[in-house]
Amino acid sequence: MITQATAKDWFDRRRAHIRPWSNFVDQRRFSRPGNFGDLCKRVTRNVEHFQSNYIFIFMGLIMYCIITSPMLLIALAVFFGACYIIYLKTLQSKIVLFGRELSMANQYGIAGAVSFPFFWLAGAGAAVFWVLGATLVVIGSHASFHEVEGDVEELQMEPV
């Protein structure tokens, strides 16, 4: 189970490793890669270098998708409301169904089953694929066209 302290620690570490946004969007640092090898080198190095920035872009796209879809907001409210009710019930006593004590996984499975119709009506599947596609396009484009940090061009000799 992920605790609040663990999540906060992970989030703080990600924030500490964010590269400056001015450097991230500096238009002078964008160019077309020379060949496929250069493209692969750029993508690999930029994903390593700007990993925290890319994570925050991904989270921003998720938030945009949730905020712009009222039905998705309702589906999330139903799911988290069901989880909260389960949490309150387990504080009082163990939940028993048909004479069998339900584990936490079973209880959250039931919460998911109750909220599934709301997620289906809200088009959550389409939202997930939209976020994944938009993330791949944005991050892939940036990683492909942004020049590698600290990359020194090799000196070219001119024939005499």
Side-chain angles (χ1 to χ4, degrees), residues 1-84 87 104-105 108-160:
M1 190 80 178
I2 297 174
T3 64
Q4 183 178 0
T6 306
K8 184 175 178 352
D9 181 49
W10 179 85
F11 187 78
D12 289 340
R13 276 187 284 133
R14 288 290 120 213
R15 270 188 46 207
H17 289 97
I18 288 181
R19 305 295 179 186
W21 289 102
S22 59
N23 186 18
F24 184 79
V25 295
D26 185 8
Q27 292 179 355
R28 293 170 288 163
R29 305 273 308 168
F30 286 90
S31 66
R32 199 175 91 211
N35 55 34
F36 186 71
D38 190 28
L39 173 81
C40 292
K41 183 174 84 172
R42 281 186 182 191
V43 169
T44 303
R45 287 196 183 165
N46 281 330
V47 166
E48 289 173 4
H49 187 73
F50 291 113
Q51 182 180 24
S52 292
N53 297 68
Y54 292 152
I55 288 172
F56 278 96
I57 287 173
F58 176 68
M59 290 175 19
L61 287 170
I62 289 172
M63 294 308 296
Y64 171 79
C65 191
I66 290 171
I67 290 170
T68 58
S69 175
M71 280 298 292
L72 196 52
L73 280 170
I74 292 170
L76 285 169
V78 167
F79 176 70
F80 287 118
C83 289
Y84 185 68
Y87 171 74
M104 287 303 286
Y108 288 122
I110 291 171
V114 166
S115 17
F116 178 78
F118 293 98
F119 283 113
W120 184 71
L121 288 173
V128 166
F129 286 109
W130 181 88
V131 168
L132 290 176
T135 300
L136 286 175
V137 168
V138 170
I139 291 173
S141 299
H142 182 272
S144 299
F145 293 110
H146 192 274
E147 294 174 357
V148 176
E149 293 291 316
D151 193 24
V152 179
E153 293 291 325
E154 294 180 22
L155 293 176
Q156 297 288 328
M157 302 278 294
E158 287 187 30
V160 180

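Excluded from the calculations below are hydrogen atoms, water molecules and symmetry mates; all remaining heavy atoms, backbone and side chain alike, are included. Because the structure is predicted, anything quoted here is derived from the model rather than measured.
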With sequence neighbours left out, what residues match S141 under side chain to side chain donor-acceptor pair (under 3.5 Å)?
none
Let me confirm one number: the CZ-CD1 distance from F50 to I139, rounded to the nearest 0.5 Å.
12.0 Å
Between V148 and R45, what is the shortest heavy-atom contact and its length?
CG1-CD, 3.3 Å
Specify the closest pair of heavy atoms between S115 and A75, including all atoms of both residues, with the distance to one decimal.
CB-O, 4.4 Å
For the residue pair H146 and F24, establish whether any side-chain heavy-atom pair is separated by less than 4.5 Å.
no
Where H17 and S52 come nearest, the two heavy atoms and their spacing:
CB-OG, 3.5 Å
Using the ring centroid of each side chain, check whether Y87 and Y108 are separated by less than 6.0 Å.
no
Is a donor on one side and an acceptor on the other found under 3.5 Å between the side chain of R19 and the backbone of H49?
yes
At their closest point, which heavy atom of A143 faces which heavy atom of N46, and how far apart are they?
O-ND2, 3.0 Å
What's the spacing between L61 CG and I66 CD1 if we round to 0.5 Å?
11.0 Å
d(N53 CG, R14 CZ) to nearest 0.5 Å is 10.5 Å
Contacts satisfying side-chain hydrogen bond (donor to acceptor under 3.5 Å, both in side chains) that involve residues 54-82 (not counting sequence neighbours) are Y54-H142
CD (Q51) and CD1 (I18) are apart, to the nearest 0.5 Å, by 11.5 Å
Inter-residue atom distance D38.CG - S144.OG, 0.5 Å rounding:
10.5 Å
Separation between CG of L39 and OG1 of T44, rounded to the nearest 0.5 Å:
9.0 Å
With a 3.5 Å distance limit and no angle check, can you tell me whether R29 reaches the backbone of F145 through a side-chain donor-acceptor pair?
no
With sequence neighbours excluded, what pairs up with R32 under the side chain to side chain donor-acceptor pair (under 3.5 Å) test?
none
Does some side-chain heavy atom of F79 sit less than 4.5 Å from a side-chain heavy atom of F118?
no
Tightest non-hydrogen contact, residues L72 and C65, listed as CD2-O, 4.3 Å
Count the heavy atoms of every other residue, nucleotide or ligand shown that sit under 6.0 Å from CZ of F30, and state whether that count exceeds 12.
yes
